[in-house]
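Bear in mind that the values here come from a model prediction, so they are computed numbers and not experimental data. Naming: A, B, ... by sequence-line order, numbering from 1 per chain.
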Amino acid sequence: MSETTPAAEAAAPYRYTAQLAAGIEARWQDLWEREGTFDAPNPGGGELGGPAEITERPKKYVMDMFPYPSGAGLHVGHPLGYIATDVYARYQRMTGHNVLHTLGFDAFGLPAEQYAVQTGTHPRVTTEANIGTMRRQLRRLGLGHDQRRSFATIDPDYYKWTQWIFLQIFNSWYDPEAKKARPIDELVEQFASGARPTPDGRPWQEMTAAERADLLSEYRLAYASDSPVNWCPGLGTVLANEEVTADGRSERGNFPVFKANLRQWMMRITAYADRLLDDLDALDWPEAIKLQQRNWIGRSEGARVDFPIHYGGEADGDAKITVFTTRQDTLFGATYMVLAPEHELVEKIVPATWPEGTPHVWTGGHATPAEAVAEYRKQAAAKSDVERQAEAKEKTGVFTGAYAVNPVSGEPVPVFIADYVLMGYGTGAIMAVPAHDSRDFAFARAFELPMRCVVKPSDGRGTDPAQWDDAFASYEATIVNSSGNGISLDGLSVVDAKAAITEWLAGHGIGEGTVNFRLRDWLFSRQRYWGEPFPIVYDEEGVAHPLPASMLPVELPEVDDYSPRTFDPDDADTSPETPLSRNEEWVTVELDLGDGLKTYRRETNTMPNWAGSCWYELRYLDPHNSERLVDLQAERYWMGPREGQPAGGVDLYVGGAEHAVLHLLYARFWHKVLYDLGHISSFEPFHKLFNQGMITAYVYRDARGFPVPAAEVEEIDGRLVFNGEPVTREAGKMGKSLKNTVTPDEICADYGADTLRLYEMAMGPLDVSRPWETRAVIGSYRFLQRLWRNVVDEATGEVTVVDDEPDEETLRALHKAIDGIRGDMEALRFNTAIAKATELNNHVTKLRRVPRSVAEQMVLLVAPLAPHIAEELWHKLGHEESVAYVPYPVADPELVQDETVTCIVQVKGKVRARLEVSPAIPEDELEKLAVENEAIVAALGGAGIRKVIVRAPKLVNIVPA
RNA sequence: GCGGCCGUUGCUGAAUUGGCAUAAGCGCAACACUUAGGAUGUUGUGGGAGAAAUCCCAUGUGGGUUCGAAUCCCACCGGCCGCACCA
C-alpha cells in the first residue's frame, strides 16, 4: 500500500504515493475554496450575480439527493452519487457550460431526535456537529461544490420559506375547471357573490366563521381533518401511507401501525393525480421509477353506479348505495353488495330483525342484524393491518339485513359488510360479481351466495359457476345473460359492453363513467419536536388562522423534553402527544391578525421530514433571498422550460431508487402548486433522474452465523478463514453491525482521494449495485501512478515530456480515446470512460518519450475523474490556470478511425478470413476481395454462393448455396 | 398472486443499430529489476483438441426468428426489486 521503505523513497522521492497525493489534494482543495473556483454565477447582478460571458453559456444544473447527516459518519457507499455528479459537473464545465452544483443537508427528522435523546443533547447541537463531520469528510473528496449555495433544512432562514410554502398551499384550492390551484380568496369571492352556491344554499354572509372555515377546509390544498390515520404508538407519531410497509408496520423502526381517527393536517395531493401521472411522460426518468409512480397513483377507469335501497322507517325513495367498479359490463352479474365496515351508511340500513329466511351463515349466529354488525365492526377495528393481511385469503363478513336493488336486473341483492372492502378506496362500497371477480367468488363460496355468469368463459369451462374453481375475470370474451330493463349487452365484447352500459347508466341518471385513483391525500403532520412548526394558530372557537408572512419563521421553541411520547408498540388504545404542546408559554400567544389583539393557541404538530426536501432544488438557486423563495429570473435561467425539457427542471438529479414514490412524488406536487400560483416557471422539479446503485459489501459469518470483522478475513488456499476458523461469505449492506464498514477516510489515507474517486467510478455502471473490494482499489492507484510517471520523473520530480510530435499510432489511440470518453461522460458511463483512459495510458506508458501534446490531452481527459492530480500535472506542464475551465479535448474525426480497418469475412456466420482494408472501401470492391480470398475459397470448398451480405468496411458474410 | 428488472471468465464487469464475445480492472502465473517484495515493469490468463498453423465448444436452460443472436421472440430455471383484498 502506501508504505514504502526508506530505500524506495530515496530512489523515487517523487513517486505518486498516498502521502504525495495527500499533499497535492489538500493544496488544491484549499485553493479551490479560496478562489471560489466552483462558484456558479446567476444571471444579472446581486450577491450571486456574475459576468455575462459566463451566464451566457448554456447552463447545467446538477443535483444530488439531499444527504441526511447521520452521526455514524460516511462509509464508501455514501459518496458514490456525489462523486458521479461531480465528475459530470466538471466535465460539463470543461465543455463550456455554466454549471450549478452544490450540496445541502436534510437535517430535520426522527433519527436526529432519537440520537439527541440518547446523547442527552439538543437535536440542533448534535445535528450541526454531524453536518460538520460530513462536510469535512466530503471536502476531502474534492467535490466541486458552490459552497455559497449550501444550507440545511434546519436553518430558520430556510424553514421560514418551507412555512411560507405551506401557507401558499393552505391558502389555495384546486379549481377542476381551470385544472390548477387558485388563491382561496377567489373561491371566497365566488361564495360571497353567490356565483357558487354554498352546500346548504344559505348565503355565505349568514354563515358563522366556524362554518365558513369548515366549508373552505373542503377545498383548501392543505386542510385539517378527522380521518383514519396511521397511528404508530411505538414511535409516538402518525405516519403517511407511504411510510407504512405492506405488512402494516412503520418503515422506520418496524413498529405496528394502527388505524386511529385523529385530527391531522392533510395535503390534497389527490387533486393533482392526473397531472402527476400525465407529466411523467415528458420526463427523462428510468422507466422503472415512472412505473412505480404510475402504480402508486393507480388510475383506473370505471363507473359509479347507484343501487337503490330502502331502509327502515325512512320513506326516502332516493336512498342508494353508490359503488365504484371497473367492470360495469358485469352489472347483470352483481348478486350481492359489500360495504366497508366503517361505511357511514351501515348504521342507517340495518333493520331491527333478520328478514324472513335469512340463511344462518349470513348472520354470524347473532340474534339481530344490529348485534351482528356491531360485533363484526368491533372485530374489524381491533384487527391490525398485519392480522388483516395474514387472513386475507379467508373472507369474513356479515349480512346487514338490508337488500338493495340491482338497477338493471331489478333483482334484490343482499348487502353485507366485510373487511375485504376498504373504506379508503373508491366509494367504500362494491357491487359483488362473484362469477367474474376472484375475491367476490371466494366470499360468495364462503357465504353460499348465488353466482351468475354474464361473461362467457373463453377457456372452455362452461357457463355454470357452480362447477368453477375460481372466477372468470378475462377481458377476452363476450357478454351473456345480460338483457332486461330496456338494455341488452349480450354478444358484445367486454370493452364494447362497458361503453354501452356506461352510456345507459348516465342516460338513466343512475351512474356515470368515472376515474378513480389509488392515491390518497398526504398526511402531513407529525407529533415530533425536530421538524418545522406549522405557521397556524387557533382562536377560541378552534378556527385555524394562517399567520401572515411577516410573522415567519415560526421558530422551534425550547422544551424540557423534546422526545415524542412513545407507548407500548402494541397498545393501539393510545393517542399522540406533541412535544411542542409541553411549552405552554409558546403555545399561548397574543397576536393581532387583523381583528385586534387576541389570544390564540399555536398548532403543536410539526411537519414531516419530507417537507424540507420538497423544494430545496429551488432554494439552491437563490439561497439568501429574504424577499422571495426564489428570484424568478434565477429560476427561469436554471430550471425554466426549454427545448427538450418542456416542463423545465434540474438537468440531472442523482440519488437512490428508494425515493421512487415518497420524496419524488411530494416534491413534484409542491412544485406544481408553486407553478400554478405563479411563483416559478417550471412545472416539474427534476427533468432527468438517475438512480445510482448501492455499493454492497461482503459479510463474513462464523459457524454461529455472527458477522466477523471483514477486514481480518484471510483467504488461505481458496478458503475463507478468520482466526483460523472457516467463515462464509455473502453480499450485504455495509454497516457497523455487519462489521464490514470501509470509510472514505481510510481509503483516502491509504491511496488518496483521486484513487477513491476513480475506483468508485470504475467499479461498474453507476446504476447497478456491486460489492466493494478494497484489494481492487490498487488498480486505480496504479493507473494514477502510471499517469504521473508519464509526465514526471520519480527520482527528480522533473517533467519528462518532450516536444516531439506523437507518432501516428499514438495519435490515433489518443483521438479514439477522446471520442469514446466524451460519449461515455455524456451518458454517465464513467466505468467505460476509465477503461478507455486506461488503455491510452497503458499505450503511452510504453513510449520511450512522451510527447507533451499527448500528456496534456491525457491530463485533461482524466481531470473530471481525478481532479487533484490533474491540476498538479497541468501546472507542472507549465499552465497557470485551473484545469477546471480548460476546454475538454476534442477528437479529430479523421484520426478517430484507423487508417485501415480489419474486415472480417464470414462463411455462414463463422469467421474464416480477415482483410485489412481502407475504411472508405466501396461495397462491391470489398465483396470482390472477400470472394477471391484464398481462405474463403477453401472454406467454401467449391460450393456455389447463394448470397453475400456486405457491411462495409467491417464485415462480409457469404452464404453458400 | 400481479407487475418490473437481471443471469457473460475465478471476481467486478465491456461489447454503439442484431455483425470479430470476453475490453478495462482485480486475482492468478511466469519473467525482469531487486538484499528483499505485499513495490514497479513486461508477458500470459474462458474450456477442449493439437507440435503448430488452426479447429471445435461456450454469454442460466431449451426452443424459435435471421445470412448472422449475449442482443429480438416464446417457454422454463435461478436471483433482485416494487405493489399487494385497489373493486
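- At a threshold of 4.0 angstrom between heavy atoms, the contacts of A:S769 are confined to the sugar-phosphate backbone, with no base atom among them.
- Using a 3.5 Å distance cut-off with no hydrogens or angles, the side chains of A:D824 and A:T832 do pair a donor with an acceptor.
- Heavy-atom nearest nucleotides on RNA chain B were determined for A:Y698 and for A:R786, and the one closer to the 5' end corresponds to A:Y698.
- Closest of all the heavy-atom pairs between A:P341 and A:A418 is CD-O, 3.3 Å.
- Between A:R951 and B:C67 there is no side-chain N or O to OP1 or OP2 distance below 4.0 Å.
- Electrostatic pairing of A:D274 and A:R299 counts as a salt bridge here, judged by a charged N lying under 4.0 Å from a carboxylate O.
- Remark: the backbone N or O of A:L239 is paired with a side-chain donor or acceptor of A:N230 at under 3.5 angstrom.
- Contact annotation: A:R15 side-chain N/O to B:U40 OP1/OP2 distance is not under 4.0 Å.
- Of the candidates B:U40, B:C11, B:C56, the closest approach to any side-chain atom of A:R912 belongs to B:C56.
- Residue A:F830 contributes atom CZ, which lies 18 Å from atom C1' of B:U12 at whole-angstrom precision.
- At B:G25, none of the side-chain N or O atoms of A:S780 fall inside 4.0 Å of OP1 or OP2 (strictly under the cut-off).
- Using a 4.0 Å heavy-atom cutoff across all strands shown, A:A776 reaches sugar-phosphate atoms only and no base atom.
- Using a 4.0 Å heavy-atom cutoff across all strands shown, A:E839 reaches sugar-phosphate atoms only and no base atom.
- Note: OH (A:Y751) to P (B:C26) measures 11 Å, nearest angstrom.
- In the model, A:T17 has no side-chain atom that pairs as donor or acceptor with a side-chain atom of A:Y781 under 3.5 Å.
- In terms of phosphate contacts, A:N842 brings no side-chain nitrogen or oxygen within less than 4.0 Å of OP1 or OP2 of B:G41.
- For the pair A:R914 and A:E916, the salt-bridge criterion is not met [side-chain N within less than 4.0 Å of a carboxylate O].
- For the C1' atom pair drawn from B:G37 and B:G48, the interatomic distance equals 37 Å after rounding to whole Å.
- Between B:A32 and B:A36, the distance separating the two P atoms is 11 Å to the nearest Å.
- The line from CD1 of A:I747 to CH2 of A:W772 is 4.5 Å long, rounded to the nearest 0.5 Å.
- Between A:Y751 and A:Y759, the ring center distance fails the sub-6.0 Å criterion.
- The ring of A:F416 has its center closer than 6.0 angstrom to the ring center of A:F443.
- Separating the CD1 atom of A:I417 from the P atom of B:A87 is a distance of 22 Å, rounded to the nearest angstrom.
- For A:N831, a side-chain nitrogen or oxygen approaches OP1 or OP2 of B:A14 to under 4.0 Å.
- Looking only at atom types and distance, the side chain of A:T322 has a donor-acceptor partner in the side chain of A:D306 under 3.5 Å away.
- With B:A14, B:C20, B:C85 as the choices, the nucleotide that has an atom nearest any side-chain atom of A:Y420 turns out to be B:C85.
- With distances taken from any side-chain atom of A:N957 to the nucleotides B:U12, B:G27, B:C67, the minimum falls on B:C67.
- Comparing B:A14 with B:G63, their C1' atoms sit 28 Å apart, to the nearest whole Å.
- When the side-chain nitrogen and oxygen atoms of A:R782 are compared with OP1 and OP2 of B:G27, one or more of them lie within a distance under 4.0 Å.
- Only the P atoms considered, B:G18 is 11 Å distant from B:C73, to the nearest whole Å.
- You'll find that the side chain of A:P765 is closest to B:G13, out of B:G13, B:G25, B:G19.
- Separating the P atom of B:A52 from that of B:A69 is a span of 30 Å, rounded to the nearest Å.
- A:W772 places its CH2 atom 12 Å from the C1' atom of B:U12, with the value rounded to the nearest Å.
- At a threshold of 4.0 angstrom between heavy atoms, the contacts of A:V323 with the nucleic acid are absent.
- For A:K395 and B:C85, a side-chain-to-base donor-acceptor distance below 3.5 Å is present, hydrogens and geometry of angles not being considered.
- Straight-line distance between the P atoms of B:C72 and B:A15: roughly 14 Å, to the nearest whole Å.
- Side-chain nitrogen and oxygen atoms of A:R518 include at least one within less than 4.0 Å of the OP1 or OP2 phosphate oxygen of B:A84.
- B:U45 and B:A24 are spaced 15 Å apart, taking the C1' atom of each and rounding to whole Å.
- Atom CD1 in A:I289 sits about 13 Å away from atom P in B:C5, given to the nearest Å.
- Comparing A:Q785 and A:K947, the nucleotide of RNA chain B nearest to each residue sits closer to the 5' end for A:Q785.
- Taking 3.5 Å as the limit, the base of B:C20 and the side chain of A:R914 contain a donor-acceptor pair of atoms between them.
- The A:L955 side chain lies nearest to B:G19 when the options are B:C57, B:G19, B:G41.
- A close approach under 4.0 Å does not occur between any side-chain nitrogen or oxygen of A:Q292 and OP1 or OP2 of B:G4.
- Atom CG of A:N841 and atom P of B:G25 are 10 Å apart (whole Å).
- Atom pair A:L339:CG and B:A87:C1' shows a separation of 13 Å (rounding to whole Å applied).
- Closest heavy-atom contact between A:L20 and A:W788: CD2-CZ2, 3.5 Å.
- Between A:R775 and B:C11 there is no side-chain polar atom (N or O) within less than 4.0 angstrom of OP1 or OP2.
- B:A23 and B:G78 are spaced 32 Å apart, taking the P atom of each and rounding to whole Å.
- Residue contacts shown for A:L291 are limited to sugar-phosphate atoms, with no base heavy atom under 4.0 Å away.
- Looking at RNA chain B, the stems built from 3 or more consecutive Watson-Crick or G-U wobble pairs, each pair with its key distances under 3.5 Å, are B:1-7 with B:77-83, B:10-12 with B:24-26, B:27-32 with B:40-45, B:46-49 with B:54-57, B:60-64 with B:72-76.
- Atom pair A:D767:CG and B:C80:P shows a separation of 19 Å (rounding to whole Å applied).
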